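Below you'll find the structure, written out as structure tokens, and then a few comments.
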Amino acid sequence: MTILLGAACADAQAVPLGEGDSTPTYSRYLALADSARYHIAKQEWGEAARCTREALRLEPGNVGNAMLFSNLGLATGMDGKFGEAMQCFEIALSRAPKSIPVLTSKAKIQIKASDSEGALETLDTILGLDSLAEWPLQTRGLLRMRTADYKGAFDDFSILMKKHPQNTWGPGGLAKCMEMQGYLSEAAGYYSDAISRTKPGDEDRVEFQLGLIENLGHTGKLTEALGIARQAIEENPHDGRLYLLRGWIKKLLLIYREAEADKKLAIDYGVDYQTIERFFPENR
């Protein structure tokens, strides 16, 4: 699920260290740790891992190494070295078993590794420590929805919507959860709520617009769907998916020539054939 991976990895952050002495070795240790955090912020995973390993060699017994092992797990995991990453998180959690930052980094790498079951266990642990933690609530809701645990997903998104009203994935997640269960009218309302909480240019706004356009198309509210499609295209004129859905709505409205023109625009903007075929099936 692209949305889930984006939510999981977009805000990956290194965990800071505590304070220590002022010896040259320790100063070098801190400098390397700072360099690692810099490289993590730049998503330069190999350099981040190199700096972290060198810091660990300088101060193998430092109490701050729990955080360094967590950062090394994040860097190696984002670089696709999942086994090494999990070993790093095990070491970090053996030293700081209730560290929410460490657990959060672990969950992000488990998601990247497609270990949904492990990620859910880690997210459960985080929410056991802080039941209102925003990112874990959002991500557990998305994972639960993906595994067809719609009741659990609905509960998470409902809490998210109430306790973190600025997070658009509260209503957005409820929309998708309702839609997957066939409650299209309820889903449309949540999509509208999610869109109303965003501004043009917000990362998730177009995803909610796409969801609402398709939802309205399936429920026969074609004029409303066409209006939302036109507004969305004004905001995102290079998103081929919007032209595809607008063309599909026009096809349902029997405006065939314009529908074909929008289909061509969708293809020109790089929408894949499988997605095109879903809305414009051939020989049907």
Side-chain angles (χ1 to χ4, degrees), residues 1 4-140 142-143:
M1 183 182 288
L4 182 58
L5 185 58
C9 300
D11 60 343
Q13 296 178 356
V15 180
L17 294 170
E19 297 180 356
D21 56 39
S22 58
T23 64
T25 298
Y26 185 73
S27 296
R28 176 63 178 159
Y29 168 84
L30 283 183
L32 286 164
D34 286 341
S35 293
R37 289 197 295 273
Y38 169 83
H39 289 301
I40 286 175
K42 296 288 186 180
Q43 299 186 16
E44 297 168 352
W45 310 119
E47 279 300 296
R50 182 190 65 77
C51 291
T52 306
R53 291 191 185 98
E54 190 173 340
L56 286 167
R57 283 193 292 269
L58 284 175
E59 291 269 346
N62 194 289
V63 294
N65 283 350
M67 301 300 102
L68 275 186
F69 276 111
S70 177
N71 292 346
L72 183 57
L74 179 63
T76 55
M78 293 300 288
D79 205 24
K81 300 171 183 176
F82 302 126
E84 182 179 351
M86 289 303 110
Q87 290 176 357
C88 291
F89 289 128
E90 285 180 13
I91 295 171
L93 289 169
S94 71
R95 303 180 183 197
K98 294 184 178 181
S99 171
I100 290 179
V102 175
L103 288 163
T104 299
S105 292
K106 180 183 178 182
K108 290 174 180 177
I109 298 307
Q110 288 172 313
I111 290 167
K112 185 172 176 63
S114 299
D115 180 12
S116 296
E117 183 177 351
L120 280 168
E121 290 179 1
T122 303
L123 292 166
D124 285 345
T125 300
I126 296 171
L127 290 165
L129 297 167
D130 180 359
S131 63
L132 301 181
E134 183 176 0
W135 182 84
L137 274 172
Q138 173 184 320
T139 306
R140 189 174 69 177
L142 288 166
L143 280 173

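Note that this is a predicted model, so its numbers are computed, not measured.
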**Message:** Test of understanding: with side chain to side chain donor-acceptor pair (under 3.5 Å), list the residues that count as partners of Thr76, not counting sequence neighbours.
**Reply:** none

**Message:** Tell me every residue that passes side chain to side chain donor-acceptor pair (under 3.5 Å) with Glu44, counting only those two or more places apart in sequence or in another chain.
**Reply:**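 If we apply the side chain to side chain donor-acceptor pair (under 3.5 Å) test to Glu44, skipping adjacent residues, the hits are His39.
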
**Asked** Passes side chain to side chain contact (heavy atoms under 4.5 Å, CB included), Phe69 versus Gln87? Steps please.
**Response** CA-CA 9 Å; Phe69 276 111; Gln87 290 176 357; over 6 Å; no

Working to the nearest 0.5 angstrom, can you tell me the gap between [X] [atom1] and [Y] [atom2]?
{"X": "Ser99", "Y": "Lys106", "atom1": "OG", "atom2": "NZ", "answer": "12.0 Å"}
{"X": "Cys51", "Y": "Tyr29", "atom1": "SG", "atom2": "OH", "answer": "13.5 Å"}
{"X": "Asn65", "Y": "Ile91", "atom1": "CG", "atom2": "CD1", "answer": "10.0 Å"}
{"X": "Leu143", "Y": "Glu117", "atom1": "CG", "atom2": "CD", "answer": "11.5 Å"}
{"X": "Lys98", "Y": "Leu103", "atom1": "NZ", "atom2": "CG", "answer": "11.5 Å"}
{"X": "Ile109", "Y": "Thr104", "atom1": "CD1", "atom2": "OG1", "answer": "11.5 Å"}

**Request:** Under the side chain to side chain contact (heavy atoms under 4.5 Å, CB included) rule, what do Leu72 and Phe89 come out as? Steps first, then yes or no, please.
**Result:** CA-CA 8 Å; Leu72 183 57; Phe89 289 128; over 6 Å; no

**Complete:** Applying side chain to side chain contact (heavy atoms under 4.5 Å, CB included) to Leu58 and not counting sequence neighbours gives Thr25, Arg28, Leu32

**Request:** With sequence neighbours excluded, tell me which residues meet side chain to side chain contact (heavy atoms under 4.5 Å, CB included) with Leu127.
**Result:** Ala133, Pro136, Leu137, Arg140

**Ala119 to Ala107 - nearest heavy-atom pair and separation** =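 Ala119 and Ala107 have their closest heavy atoms at CB-O, 4.2 Å.
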
**Prompt:** Between Ala55 and Ala33, which heavy-atom pair has the shortest distance, and what is it?
**Reply:**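 Scanning both residues completely, I find the closest heavy atoms to be CB-N, 4.4 Å.
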
**Within residues 125-136 or reaching into it, pairs that qualify as salt bridge (Lys or Arg N to Asp or Glu O under 4.0 Å) - sequence neighbours excluded** =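 Salt bridge (Lys or Arg N to Asp or Glu O under 4.0 Å) check on residues 125-136 returns no pairs.
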
**Asked** Can you pull the salt bridge (Lys or Arg N to Asp or Glu O under 4.0 Å) pairs that have at least one residue in residues 80-97, sequence neighbours excluded?
**Response**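 Salt bridge (Lys or Arg N to Asp or Glu O under 4.0 Å) check on residues 80-97 returns Arg53-Glu84, Asp79-Lys81.
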
**Asked** What do the steps show when you test Lys112 against Met78 for side chain to side chain contact (heavy atoms under 4.5 Å, CB included), and what is the final call?
**Response** CA-CA 7 Å; Lys112 185 172 176 63; Met78 293 300 288; 3.7 Å; yes

**Message:** One pair to check against side chain to side chain contact (heavy atoms under 4.5 Å, CB included): Glu121 and Gln110. What are the steps and the verdict?
**Reply:** CA-CA 10 Å; Glu121 290 179 1; Gln110 288 172 313; over 6 Å; no

